[in-house]
Amino acid sequence: QQQTLLESYREKESRARHLKAYQAQVIQMETEFNTLLDQLPKDTRVSELVEGINMTGVGSNIRFQDISVEPEIENEFFIEQPIRIAALGEYHQFGSFISGLAALPRIITMHDFEVSNPQPTLDVLPELNLVLQTKTYRSKEAAPEDETGAATDNAGGN
C-alpha cells in the first residue's frame with residue numbers, strides 16, 4: 001500500500017509541477033483553434049463553389065453527369081456542405097480534375113470516391129465513371145440577436 005501511495009504522490013506532484021505549462025498550452029491551443037476557425041468562410045456561397053467545380057471539370061475535359069448539393073451537416077464548431085459529383089472521362093482527366101479541386105480557394109475535402117468502367121474493352125482507352133463525395137466547410141454564423149438587440153451567447157463553455 002505504501003508503494004501505491006508513493007506512486008500516486010509522484011504522479012500528482014508531477015502534474016502539479018507542470019500545471020502552469022499545461023495551462024499555457026491550453027491557452028495557446030484555444031487561440032490557434034479560434035484563429036483556424038476564423039479562416040473558414042462565414043457564408044456558404046454554394047453557387048460560386050459549384051461554378052468553380054464546373055470550370056475545373058471543363059478545364060480537365062471531363063463531362064459532368066451530376067453535381068448535387070446535399071443538405072448541410074451541423075457540427076459543434078462548423079457546418080459541412082456535402083456535394084456529390086458524378087462525371088465521365090479518362091483516368092488522367094480525373095487526376096487533373098482532382099488537382100484542380102485542390103487548387104480552388106475554398107477548403108474542399110474528398111471522400112468515398114468510385115471509379116468504374118461501364119464498358120470494358122481492350123481496343124480503346126475506356127471512358128470511366130467517377131462518383132465523388134466532397135465536402136466544404138463554413139464557420140457557424142454569429143449568434144442571432146434577441147428582441148432587445150443584444151447578441152445572445154450560444155457558444156457554450158470551454
### Message
Run the side-chain contact (heavy atoms from CB on, under 4.5 Å) test on I85 and L130 for me, step by step, so that the C-alpha distance in whole Å, both residues' side-chain angles and the decisive distance to 0.1 Å come before the verdict.
### Response
CA-CA 8 Å; I85 301 169; L130 169 70; 5.6 Å; no
### Query
Should E48 and E51 be marked as a side-chain contact (heavy atoms from CB on, under 4.5 Å) after you check the CA-CA gap, both sets of side-chain angles, and the distance that decides it?
CA-CA 5 Å; E48 291 176 20; E51 183 178 332; 5.6 Å; no
#### Entry: Residues E70, R84; criterion side-chain contact (heavy atoms from CB on, under 4.5 Å); working and verdict
CA-CA 7 Å; E70 298 177 353; R84 183 182 171 279; 3.5 Å; yes
### Task
Please lay out, stage by stage, how L49 and I108 fare under the test side-chain contact (heavy atoms from CB on, under 4.5 Å).
CA-CA 10 Å; L49 180 60; I108 299 176; 3.6 Å; yes
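A distance of 7.5 Å separates CG in L128 from OG in S116, rounded to the nearest 0.5 Å. Taking NE2 of H18 as the reference point, atom CD of E13 lies at 8.5 Å (rounded to 0.5 Å). The OG atom of S60 sits 12.0 Å away from the CD atom of E90 when rounded to the nearest 0.5 Å. Remark: R138 CZ to I107 CD1 distance equals 14.0 Å, nearest 0.5 Å. The line from OG1 of T134 to CD1 of I53 is 5.0 Å long, rounded to the nearest 0.5 Å. Here CZ of F94 is found 11.5 Å from CG of N61. Values are rounded to the nearest 0.5 Å.
A donor-acceptor pair is defined here as one N or O able to donate and one able to accept, closer than 3.5 Å; such a pair exists between the side chain of N34 and the backbone of E30. Not one N or O on the side chain of S8 forms a donor-acceptor pair closer than 3.5 Å with the backbone of T4. In terms of modelled atom types and a separation under 3.5 Å, the side chain of S99 and the main chain of G95 share a donor-acceptor contact. Distance alone, capped at 3.5 Å, places no donor-acceptor pair between the T136 side chain and the Q81 backbone.
Within the structure, salt bridge (Lys or Arg N to Asp or Glu O under 4.0 Å) contacts touching residues 107-119 (residues at least two apart or in different chains) do not occur. A salt bridge (Lys or Arg N to Asp or Glu O under 4.0 Å) check over residues 92-102, counting only residues at least two apart or in different chains, returns nothing.
Residues E80 and Y137 come closest through the heavy atom pair CG-CE2, 3.4 Å. Taking both residues in full, the closest heavy atoms of A87 and I62 are given as CB-CD1, 3.8 Å, listed atom of the first, atom of the second, then distance.
A single hydrophobic cluster is seen to contain both L104 and V46, as judged by linkage of ILVMFWY side chains at heavy-atom distances under 4.5 Å, directly or through other members. F113 and F97 fall within the same hydrophobic cluster, defined by Ile, Leu, Val, Met, Phe, Trp and Tyr side-chain heavy atoms under 4.5 Å apart, directly or through other members. Connection of F64 to L101 is established within a shared hydrophobic cluster, with ILVMFWY side chains joined at heavy-atom distances below 4.5 Å, either directly or through further cluster members. Residues Y91 and L132 are members of one and the same hydrophobic cluster, defined by side-chain heavy-atom contacts under 4.5 angstrom among Ile, Leu, Val, Met, Phe, Trp and Tyr. Both M110 and V50 belong to a single network of hydrophobic side chains, linked directly or stepwise wherever heavy atoms of I, L, V, M, F, W or Y lie under 4.5 Å apart.
Heavy-atom contacts from other residues, nucleotides or ligands closer than 6.0 Å to CE of M55 number 12 or fewer.
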